[in-house]
Amino acid sequence: VNVRKIQVVQNVLESSEALAGENRRRMDEANVLCVNLLSAPGSGKTTLLQQLLPSLGARRCAVLVGDLQTSRDAERLDGLGAQVVQINTGRGCHLSPGEVARGLAALDLAGLSFVFVENVGNMVCPAAFDLGEHLRVVLLSTPEGDDKVAKYPTLFQSAAAIVLNKTDLAELLGFRREQVREDLAQVNTAAPLFETAAREGQGIEALAEWLRQKRGAKDAPEGGMPEPNAEN
Ligand SMILES: Nc1nc2c(ncn2[C@@H]2O[C@H](COP(=O)(O)OP(=O)(O)OP(=O)(O)O)[C@@H](O)[C@H]2O)c(=O)[nH]1
Ligand SMILES: [Mg+2]
């Protein structure tokens, strides 16, 4: 009986990996960069997307947004010109590659440059699941406290870029940026750290430019087409 149980768990993990690989292949074929956005609930993932999409050219972007319930985040992102699909996980504390596969099936990938996946707000579970993304952007916001990088290292380890959001509140909260930098020196020295006040649209352009470069790098092996900007 024990052996059977172990076998079942293994199969689930294997199919999860296979689905993630299939998601990545589909997006590679479409020459789309897939960015998985991870953070605690309320760090500002949706707010950041509301600012980023116009900057990147919303019609070149799609968002798969995961929440346990409601379509509130999709409603907030609707009307910018991007394709938006809300995924409700019910009780699930993270998006699964299967859910992302179903989300991708609802998108028209032709002509897209970016697919953003806004994961369920959670600093622990989503970090363990490859969804088929090309890279992860992890947010930390000042009200969460400056100690979180050291406390949740697995999340920050997996980040290709880290966004410190709600910097407008840093002084009020006594948030020590130095603590974040010191902790990142132990956990992740490769990822650039961007500072944003997303609600006010501050610091967005540097992150958008970094994303454009990452997307452009997908073209680079062939010598590269220039990445179109928001105007065209
Ligand atoms: N002061 C301040 N508030 C912000 C900033 N960015 C987001 N907020 C606010 O923080 C709250 C949560 O922002 P959301 O964008 O919904 O956060 P989220 O990470 O998408 O949340 P979940 O999807 O529930 O995990 C909202 O009230 C935003 O207006 C910021 O830079 N400064
Ligand atoms: Mg959100």
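Numbering of ligands and ligand atoms starts at 1, following listing order. Below, all heavy atoms of this structure are taken into account, side chains as well, without hydrogens, waters or symmetry copies. This chain uses plain numbering: 1 for the first residue, then up along the sequence.
The shortest side-chain heavy-atom distance between C34 and V117 falls under the 4.5 Å cut-off. Within the 4.5 Å cutoff, side-chain heavy atoms of F156 are placed close to those of L140. Side chains of N88 and D67 form a contact here, defined as non-hydrogen atoms less than 4.5 Å apart. With a 4.5 Å cut-off on side-chain heavy atoms, L56 and F116 count as touching. Annotation: side chain of L49 is in contact with side chain of L37 (closest heavy-atom distance under 4.5 Å). Using a 4.5 Å heavy-atom threshold, the side chains of E118 and D73 count as touching.
Looking at N165 against ligand 1, only its side chain comes within 4.0 Å, counting heavy atoms. At a heavy-atom cutoff of 4.0 Å, ligand 1 is contacted by no atom of E200, backbone or side chain. By the criterion of a heavy-atom distance under 4.0 Å, the side chain of L169, and not its backbone, is placed next to ligand 1.
With the Mg ion (ligand 2) as the vertex, OD2 of D73 and OE2 of E118 span 90° to the nearest 10°.
Protein heavy atom closest to atom 15 (O) of ligand 1, with residue, atom name and distance, is T47 OG1, 2.5 Å. Of the protein's non-hydrogen atoms, the one nearest atom 16 (O) of ligand 1 is R76 NH1, 2.8 Å. Scanning all protein heavy atoms for the shortest distance to atom 24 (O) of ligand 1 gives G42 N, 3.9 Å. From the protein, the heavy atom lying nearest to atom 17 (O) of ligand 1 is G44 N, 3.1 Å. Annotation: atom 29 (O) of ligand 1 to nearest protein heavy atom, R199 CD, 3.4 Å.
Remark: ligand 1 and P41 share no N or O pair separated by less than 3.5 Å (distance only, no angle test). Residue-to-ligand polar distances place K45 within reach of ligand 1: an N/O pair is separated by less than 3.5 Å.
The distance from the CG atom of L135 to the CG atom of N36 is 9.0 Å, given to the nearest 0.5 Å. To the nearest 0.5 Å, atoms CG (L155) and CZ (R136) are separated by 8.0 Å.
Residues R177 and T167 have side chains that never bring a donor and an acceptor to within less than 3.5 angstrom of each other.
Put simply, atom 27 (O) of ligand 1 has no protein non-hydrogen atoms near it, under 4.0 Å away.
For atom 1 (N) of ligand 1, the nearest non-hydrogen atom from the set L164, D168, T167, D73 belongs to D168. Residue K166 holds the heavy atom nearest to atom 10 (O) of ligand 1 of all those in K166, Q50, R72, Q202.
The atoms of ligand 1 that sit less than 4.0 Å from any heavy atom of A198 are 30 (C), 31 (O). Here is the list of ligand 1 atoms found below 4.0 Å of a heavy atom in A197: 31 (O).
Across all their heavy atoms, A206 and F194 have their closest contact at O-CE2, 3.6 Å.
If you chain together hydrophobic residues whose side chains sit under 4.5 Å apart, I204 and L33 fall into the same group.
The nearest N, O or S atom of T47 is not closer to the Mg ion (ligand 2) than 2.8 Å.
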